[in-house]
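Heads up: the structure comes next, in structure tokens.
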Amino acid sequence: MTDDPVAQYKEILDLTRQASQQLADRERRRRVEVVTEIAAAERAIKQATEQEEQVKKEITGWWRQVAARVVGMNWITPGRPPEPDPAGRPDRLDTYLAEIEPATNTFAAALRKAIWPKKIP
């Protein structure tokens, strides 16, 4: 800095202008980042919602298959369809789904065994 007060004042104004411009540039970049993050989050939410609906349809379909097998049997009722489990872990979804079909087949086999008359030798 020089000893000239006017020159000092101009230098301070220039530094203030540069700082203001840098802040404005940084805020502009951050605004773009935030908008991009929000758009990505909205896409992720939409994808997760679509996946959830697909899983619900699959589970409802399996439930209907099981319920159809017990129609007309007065000693067993299918009860209410399954509800989503809030304790379920999304990262284990494939494992959960892989358990449904074998369990359904086991139930169907047990049901067939229970309702078909056994042949007496």
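Hydrogens, waters and symmetry mates play no part in the numbers below; they use all other heavy atoms, side chains included. The shown structure was predicted, so the numbers you read here are calculated from the model rather than taken from an experiment.
Ion pairing between a basic and an acidic side chain is recognised when a charged N comes within 4.0 Å of a carboxylate O; Arg30 and Glu37 show such pairing. Salt bridge Glu52/Lys56: present, at least one basic N to carboxylate O contact under 4.0 Å.
Looking at Thr49 and Lys46, their side chains never come closer than 4.5 Å, going by heavy atoms from C-beta outward. Side-chain contact between Val66 and Pro78 is absent, with no heavy atoms from C-beta onward closer than 4.5 Å. Looking at heavy atoms from C-beta onward, Thr104 lies out of side-chain contact with Trp63 at the 4.5 angstrom threshold.
Summarising the geometry, atom CD belonging to Gln18 is positioned 5.5 Å from atom CG belonging to Leu15; distances are rounded to the nearest 0.5 Å. To the nearest 0.5 Å, the span separating CD on Gln47 from CD1 on Ile45 amounts to 11.5 Å. Put simply, OG1 on Thr16 and CD on Glu11 are 10.5 Å apart, with the number rounded to the nearest 0.5 Å. Considering CD of Gln22 and CZ of Arg17, their distance stands at 10.0 Å, rounded to 0.5 Å. A distance of 11.5 Å separates CG of Asp94 from CD of Glu99, quoted to the nearest 0.5 Å.
Under the 4.5 Å side-chain contact rule for hydrophobic residues, Trp62 and Phe107 do not share a cluster.
A donor-acceptor distance shorter than 3.5 angstrom exists from the side chain of Thr106 to the backbone of Pro102, with no hydrogens or angles considered. Between the side chain of Tyr96 and the main chain of Arg89, a donor-acceptor pair closer than 3.5 Å is present.
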Given Leu93 and Gln51, is the side-chain contact (heavy atoms from CB on, under 4.5 Å) satisfied, shown in steps?
CA-CA 11 Å; Leu93 178 61; Gln51 183 182 12; 3.6 Å; yes
For a side chain to side chain donor-acceptor pair (under 3.5 Å) check, start with the C-alpha distance between Asp4 and Gln8, then their side-chain angles and the critical distance, and finish with the verdict.
CA-CA 6 Å; Asp4 180 19; Gln8 288 177 351; over 6 Å; no
Run the side-chain contact (heavy atoms from CB on, under 4.5 Å) check on Leu97 and Val55 step by step: do they pass?
CA-CA 9 Å; Leu97 293 176; Val55 169; 4.2 Å; yes
Trace of the side-chain contact (heavy atoms from CB on, under 4.5 Å) decision for Arg31 with Val34
CA-CA 5 Å; Arg31 190 175 355 190; Val34 168; 5.8 Å; no
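Counting heavy-atom neighbours within 6.0 Å of Glu33 CD, excluding the residue itself, gives a total above 12. Annotation for Glu101: atom CD does not count as buried by contact number, only 12 or fewer foreign heavy atoms lying within 6.0 Å.
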